[in-house]
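Throughout, protein chains are lettered first and strands after them, A, B, ... in sequence-line order, and every chain is numbered starting at 1.
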Amino acid sequence: MLVSSNTMTSYDQIMKLALERGFYFPSCEIYPDAPAGFWEYGPVGVNMKNKFIALWRRELIRRDGMIEIDGSQIMSRSVFEASGHLRNFSDPLAECKNCGSIFRADRYLSEKLGKLIPEGASEAVLNSMISENHLQCQNCKGEFKPVTRFNMMFEVGIGSSNDVAYLRPETCQTIFVDFARVFKTMRGRLPLGIAQIGKSFRNEIAPRQSLLRLREFYQAEIEVFCNPDRLNEVPKFDEVRDITLNLVDNKFHRDITAVECLKQGLLPNKLIAYYLALLADFYSRTGIDMKRTRFRRLADDEKAFYSHLAFDFEVETSIGWLELVACNYRADYDLKGHSSTSNHNFEVVEPNDQTKVLPHIFELSMGIDRSLYSILEHSYHEDFRHDDRVVLRLNPYLAPILFGVLPLMSKPNMVEKSRTIHSLLRKDFDSVYDESGSIGRRYRRLEEIGVPFALTIDQQTLVDDTVTVRYRDSMEQERISIGDLKKFLDAKSAVN
RNA sequence: GCGACGGUCGUCCAGUUUGGUCUAGGACAUCAGAUUGCCAAUCUGGUAACCCGGGUUCAAAUCCCGGCCGUCGCACCA
C-alpha cells in the first residue's frame with residue numbers, strides 16, 4: 001500500500017513537472033513576441049496524449065460503433081454563417097476612451113439601466129442607449145468609444161485575393177457539413193455517432209493557466225445523430241444502466257445511477273442517459289477520481305446559443321471545478337442551418353417505416369488538453385515514506401513510457417545484455433533505456449513521469465535469462481524470464 | 001482588455017532597496033570521469049540564465065519608458 005497524498009497537489013506542481021520533464025511548455029518561447037494561449041506538447045506529453053486518444057477510440061468510438069472523420073481546420077465563411085458563429089460568436093464591446101477598460105455593452109447597459117437588453121441588439125441601438133442615458137466608464141468616468149463587435153474566430157485570407165475564411169472554433173462543424181455524404185457512404189442508421197479529433201481555435205481575450213484556456217486546443221467531439229421521436233429506443237442502455245453519474249442541477253445527486261436518473265426524471269431520455277453513462281465510464285478508466293467529478297446541468301443563461309439542454313462534465317482540481325466535456329442537445333439547430341444556407345438536404349430515411357427525418361444531435365464535446373491536465377493532477381502523488389518521491393500513478397495504458405530497461409551496473413556485459421533486451425521490445429512499446437546514475441535514481445526518474453515498470457538486468461540475468469520487474473507504485477519486484485516479457489507487458493498495459 | 005504584483009541557468013532562489021570586483025552566486029536537475037552496486041549515496045569536473053527594445057549614465061541584472069509573458073482580481077469563457 002502506497003502511503004501518499006495528492007491532496008496538496010497544486011497547479012504549480014503540475015506546471016513544474018510539465019516544464020522539467022517535457023509534458024508541455026509555451027509555444028515559440030525563445031522569441032519575445034510569443035503570444036499567450038499557445039502551448040506545445042513535448043515528447044512525454046505527446047505520448048500521453050496519443051494514449052488518451054487511443055483509449056477514447058477504444059471506449060467510445062469502437063465500443064459504440066461510431067465512425068470517425070478528420071476534417072480541415074480552415075473552413076469557409078458560409079459554414080459559420082450557417083452555424084451562427086458569425087452572428088453569435090461575438091460580443092458587443094464598449095471601450096472607455098480614457099482608461100481603455102472594456103465592457104460587454106449589452107450586459108453593462110442592462111446592469112446600469114436595470115432592464116433587459118435584447119440579445120440581438122445592434123451596435124447602433126446600443127450606442128444610442130449609451131448616449132441617451134449618459135453612461136460613463138465605471139472605473140474612471142470616461143466616455144465610451146462607439147460599440148464594436150469582437151468575434152472570437154480567427155480570420156484567415158485564402159489565396160492571392162485573400163478571400164475570407166476562418167479557423168474553426170469547434171471541430172463539430174466538419175461533422176455537420178459532411179453528414180450527408182458520410183451517412184450515405186457508410187450506410188448509416190440512426191442513432192449514429194460521428195466523431196472527430198482535432199484542433200480548434202478561439203481568440204480568447206485572456207488566455208490563462210497553460211492547458212486550461214488555450215487559443216489553439218484539441219477537441220475530441222462526438223455528434224450523435226438521432227431520431228427525435230425515438231430517444232428512448234436505446235437497447236444498449238442496459239449495458240450502462242448501473243453506471244454512476246454525479247448529477248447536479250439545483251442539488252447534488254451523488255452516486256446516482258443512470259437508470260435512477262431516468263426514473264427520477266433528472267434526465268429526459270435514454271439516449272442522453274446512455275451517452276452520459278458511456279462518458280462517465282470512459283473517464284473512470286483515465287485515472288481521474290470519479291468521486292471528484294460531476295455532471296452539471298447548465299442554467300438557460302449559461303448555455304451556448306445552439307444548445308437546448310446542456311450538461312457539463314466537470315472535474316474538481318486544485319483551482320476549482322473544471323469543465324472537461326460539454327454535452328449539448330443541439331436538436332436540429334445545426335442541420336437546419338446548414339440545410340437552409342447550402343440548400344443541401346440532410347434528411348434521412350428511417351428504414352422500418354420509410355419516414356423522412358431531419359436528425360437531431362446530441363453532442364459530447366471533450367477538451368483533450370484539460371483532460372490531460374486533470375489526469376496529471378489526479379495522478380500526482382508524493383510518497384512520504386520514501387524520501388517524498390514523486391509518483392505519477394498513471395494507468396499503464398496511459399503512461400507515456402511503459403517501461404525502462406536498466407542495467408544494474410554499467411559493466412560492459414550487463415550493458416550489452418540490456419541493450420539486447422531493449423531491442424527485443426522497443427518496437428512494440430514506448431520505452432527507455434537508462435544506464436546513467438545509481439539504480440535508485442533511475443527508478444525515481446521513471447516514476448516521476450509515470451513509467452509503471454522498470455526492467456532491471458543484473459548478474460542473474462546473465463546466468464538464467466531472467467530480469468527483475470520493479471513496480472512503480474508498490475516498489476515490489478519479481479523475476480520474469482526474458483521470453484515472457486512481451487506477453488507480460490501486453491497483459492499489464494491492456495485496458496481493464 | 002483593465003488593475004495590482006512579478007519576470008535571473010532546465011527548475012527554485014540570492015543579487016535590484018543605495019547602479020560599480022556580478023567576469024552574475026547557490027540548491028536541485030542534467031552531462032562526463034572516478035567509486036559503489038536494488039531504491040534520489042559520495043568525490044571531481046563540465047554545460048547552462050539577467051524576457052525584448054529604447055533611454056539615463058563614465059558605468060545598468062539593478063533606475064526610467066514602451067512591448068511581450070506570467071500570477072491574482074475584475075470582465076470574458078461562444
Sorted by position of nearest nucleotide on RNA chain B, 5' first, the leading residue of A:Tyr471 and A:Ile205 is A:Ile205
A:Asp383 side-chain N/O to A:Arg389 backbone N/O, donor-acceptor pair under 3.5 Å | no
Length of the CD-C1' vector between A:Glu20 and B:rA40, whole Å = 14 Å
Of B:rC39, B:rC38, B:rG37, the nucleotide closest to the side chain of A:Arg470 is B:rC39
Is the shortest distance from a Lys or Arg side-chain nitrogen in A:Arg472 or A:Glu447 to a carboxylate oxygen in the other one below 4.0 Å?
-> no
Below 4.0 angstrom from OP1 or OP2 of B:rA41, is there any side-chain N or O of A:Ser438?
-> yes
Taking only the side-chain heavy atoms of A:Lys411 (C-beta and beyond), determine which of B:rU11, B:rC38, B:rG37 contains the nearest atom.
-> B:rG37
Cationic tip of A:Lys492 above A:Phe453 ring, under 6.0 Å, 45° of axis | no
What does A:Asn151 touch in the nucleic acid at a heavy-atom separation under 4.0 angstrom: a base, only the sugar-phosphate, or nothing?
-> nothing
Sticking with atom P, work out how far B:rU62 lies from B:rG55, rounded to a whole angstrom.
-> 14 Å
Set out, line by line, the N/O atom pairs under 3.5 Å between protein and nucleotides 63-70 of chain B.
from: B:rC68; atom 1: O2'; to: A:Pro32; atom 2: O; distance (Å): 2.5
from: B:rC69; atom 1: OP1; to: A:Ala36; atom 2: N; distance (Å): 2.9

Taking atom C1' in both B:rA32 and B:rG73, compute the distance separating them and give it to the nearest angstrom.
-> 49 Å
Do A:Thr468 and A:Arg479 have a side chain donor and acceptor closer than 3.5 Å?
-> yes
Quantified in whole Å, what is the C1' atom distance between nucleotide B:rG15 and nucleotide B:rU35?
-> 37 Å
Base of B:rC39 paired with side chain of A:Asp387 (donor-acceptor, under 3.5 Å) = no
Does the A:Arg208 side chain pair with the main chain of A:Arg213, one donor and one acceptor, at a distance under 3.5 Å?
-> no
Length of the line joining A:Met409:CE and B:rC38:C1', which is rounded to integer Å = 10 Å
Using the C1' atom in both, what is the distance from B:rU16 to B:rA59, to the nearest Å?
-> 16 Å
How close or far is atom P of B:rC72 from atom CE of A:Met15, stated in whole angstroms?
-> 12 Å
When you match A:Arg213 and A:Ile439 each to their closest nucleotide on RNA chain B, which lands nearer the 5' end?
-> A:Ile439
Whether A:His308 side chain and A:Tyr306 backbone form a donor-acceptor pair below 3.5 Å = no
Regarding A:Asp464 and A:Thr466, is there a side-chain donor-to-acceptor distance under 3.5 Å anywhere?
-> yes
Side-chain donor-acceptor pair under 3.5 Å between A:Ser200 and A:Gln219, yes or no?
-> yes
Please check if the side chain of A:Thr286 supplies one atom and the backbone of A:Phe282 the other of a donor-acceptor pair under 3.5 Å.
-> no
Counting any heavy atom closer than 4.0 Å, what does A:Glu29 reach on the DNA or RNA strands: base, sugar-phosphate only, or nothing?
-> nothing
Please answer whether the main-chain N or O of A:Gly437 pairs with a side-chain N or O of A:Arg442 as donor and acceptor at a distance below 3.5 Å.
-> yes
Separation of A:Asp473 atom CG from B:rC39 atom C1', in whole Å?
-> 15 Å
Base, sugar-phosphate, or nothing for A:Tyr443, non-hydrogen atoms under 4.0 angstrom?
-> base
Choosing from B:rC77, B:rG1, B:rC38, which nucleotide comes nearest the side chain of A:Ala206?
-> B:rG1
Hey, is the main chain of A:Val125 close enough, under 3.5 Å, to the side chain of A:Ser128 for a donor-acceptor pair?
-> yes
Could you give the distance separating B:rC65 and B:rU56 at their P atoms, to the nearest angstrom?
-> 15 Å
Whole-Å C1' distance, B:rU8 and B:rA14 | 10 Å
Does the side chain of A:Tyr11 pick up a donor-acceptor pair with the side chain of A:Ser210 at under 3.5 Å?
-> yes
Nearest-neighbour nucleotide for the A:Ser410 side chain, B:rC38, B:rG37, B:rC39 considered = B:rG37
Duplex segments of RNA chain B, taken as runs of at least three Watson-Crick or G-U pairs that stay under 3.5 Å | B:1-7 with B:68-74, B:10-13 with B:25-28, B:30-34 with B:42-46, B:51-55 with B:63-67
Would you check if the side chain of A:Glu377 reaches a backbone N or O of A:Thr317 as a donor-acceptor pair within less than 3.5 Å?
-> no
Is A:Phe38 close to A:Cys28 at the side-chain level, that is, under 4.5 Å between some pair of heavy atoms?
-> no
Protein-nucleotide distance (A:Arg479, atom CZ; B:rC38, atom P), rounded to Å | 13 Å
Could you state the CG-C1' distance from A:Asn413 to B:rG37, rounded to the nearest angstrom?
-> 13 Å
Mind calculating the distance between CG (A:Asp12) and C1' (B:rC12) to the nearest angstrom?
-> 12 Å
Could you state the CZ-P distance from A:Phe23 to B:rG10, rounded to the nearest angstrom?
-> 20 Å
Determine the Euclidean distance between corresponding P atoms of B:rA49 and B:rU11; express it in Å to zero decimal places.
-> 12 Å
Any donor-acceptor pair under 3.5 Å between the side chain of A:Gln477 and the base of B:rC38?
-> yes
Separation of the C1' atoms in B:rA48 and B:rA29, to the nearest angstrom = 11 Å
Below 3.5 Å is the cut-off: list the nitrogen or oxygen pairs between protein and nucleotides 30-32 of chain B, distance only.
from: B:rU30; atom 1: OP1; to: A:Arg445; atom 2: NH1; distance (Å): 2.4
from: B:rU30; atom 1: OP2; to: A:Arg441; atom 2: NH1; distance (Å): 2.7
from: B:rC31; atom 1: OP2; to: A:Ser436; atom 2: OG; distance (Å): 3.4

Check if the side chain of A:Arg442 and the base of B:rC39 share a donor-acceptor pair of N or O atoms closer than 3.5 Å.
-> no
